Amino acid sequence: MSYTTVHVPLGDRAYDVRIGAGLVAEAGAHIAPLLGKKKKVFVLTDETVAALHLNALEAGLAADGIDMVSLALPAGETTKAWPQFTRAVEWLLEEKCERKDIVVAFGGGVIGDLAGFAAAVLRRGVRFVQIPTTLLAQVDSSVGGKTGINAPQGKNLIGAFHQPSLVLADISILGTLTQRDFLAGYGEVQKYGLLGDESFFEWLEVNGPALAAGDMELRTEAVRWSVQMKADIVERDETEQGDRALLNLGHTFCHVLESATGYGDRLLHGEGVAIGCALAFELSSRLGLCSQEAPSRVRAHLKAMGMKCDLTDIPGNLPSAETLVDMMSQDKKVVDGQLRFILARGIGEAFVTADVPREAVLKVIQDGLDG
Ligand code: GLY
């Protein structure tokens, strides 16, 4: 077994994130120490991942004498709501998933969030293992214990903090992602450099194109570095009373753009994060917080990666700047009517502030729409 480990040190909720190629094939060896006499796990997945990888997981578990039962939900964001959540919880009960059993979340962010929330509420909490199959889920949603589903009123409004017992990030599985999905996940990777570590951003400027082209060692290192940064932040602020909000760099812009484009194929979440990061640096520069070179450097890297970085890169029409800024006030990061932004004093130096004049946000978006 060859893998690298990031430990998430949260007292009695501490766990490992193991990162490497081939972990699905070895899943049984990693999960067996968590099981008691009953050598069986309960796998929640989606139909796309099931078709590609469920046989491999089954074989990887069987190699260590572990049986599995599985439920494949429809792929896509609409699954992350009450109907499929209810289906998953009732399936776990029908399959007699008991208090000491393990639920396995095998998929991207939708499955990880839904399965984690199912585990959080089933019998008042059972343990779960995350096996994230997208880059986005490996570097963000599978780590840190945010679980939940969407409400008609907004994304992720129903949920719980429930930490996994183990995360297995199999780098080889990323090979089946489309380039667009891989690069969308990269939107979250570059965010870590921008928010807290200029040396990571520099490393990505050098190595990003090769890792996007498929280099496994570079992919492993990018996931390790991202997860280590997330683990450090989650250790300081598990329930987002302060520093954890830094992980939302680019997300205030992203959420409004996702909402304006219908949460679909026009703009993937990670693409919105990348554009949002570029806008957050542009806003920071115009407010005199960071140099003019910083937003140019962010955009240059995204362009070098072949990623969307400007509002004009989003296909189709967007609402007016006024409408987009009004929509921002619906964001769940509004506290006492004040919009909170993550701004930056430079690459790797992000901070949270509510002190952002509406006019400045409006102008950045207006100029972005004008191209
Ligand atoms: N995805 C942001 C967080 O985990 O806090």
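Just so we're clear, the structure is a prediction, and the values are computed from it rather than from any experiment. Just the heavy atoms: all of them, side chains too, but no hydrogens, waters or symmetry mates, feed the values below. Remember, it's 1-based here, ligands and their atoms both numbered in the order they're listed.
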Using a strict 4.0 Å threshold on nitrogen-to-oxygen distance, state whether Arg219 and Asp215 make a salt bridge.
no
salt_bridge(Asp265, Arg180) N-O dist < 4.0 Å
yes
In this structure, NE2 of His255 is separated from CE of Met328 (nearest 0.5 Å) by 11.0 Å
Using a 3.5 Å cut-off on N/O to N/O, what pairs does ligand 1 make with the protein? A line per pair would be great.
| residue | atom | partner | partner atom | Å |
| --- | --- | --- | --- | --- |
| ligand 1 | 1 (N) | Asp140 | OD1 | 3.0 |
| ligand 1 | 1 (N) | Asp140 | OD2 | 3.1 |
| ligand 1 | 4 (O) | Lys230 | NZ | 2.6 |
| ligand 1 | 4 (O) | Arg244 | NH2 | 2.8 |
| ligand 1 | 5 (O) | Lys146 | NZ | 2.9 |
| ligand 1 | 5 (O) | Arg244 | NE | 2.7 |
| ligand 1 | 5 (O) | Arg244 | NH2 | 3.3 |

If hydrophobic residues (ILVMFWY) are linked whenever their side-chain heavy atoms come closer than 4.5 Å, directly or via other members, who joins Phe117 in its cluster?
Phe42, Leu44, Val69, Leu71, Leu73, Trp82, Phe85, Val89, Trp91, Leu92, Leu93, Val103, Ile111, Leu114, Val121, Leu122, Val126, Phe128, Ile149, Ile158
Look at the aromatic rings of Phe201 and His301 and report parallel, tilted or perpendicular, splitting at 30° and 60°.
perpendicular
Passes side-chain contact (heavy atoms from CB on, under 4.5 Å), Arg297 versus Glu205? Steps please.
CA-CA 10 Å; Arg297 195 171 154 198; Glu205 286 176 317; 2.9 Å; yes
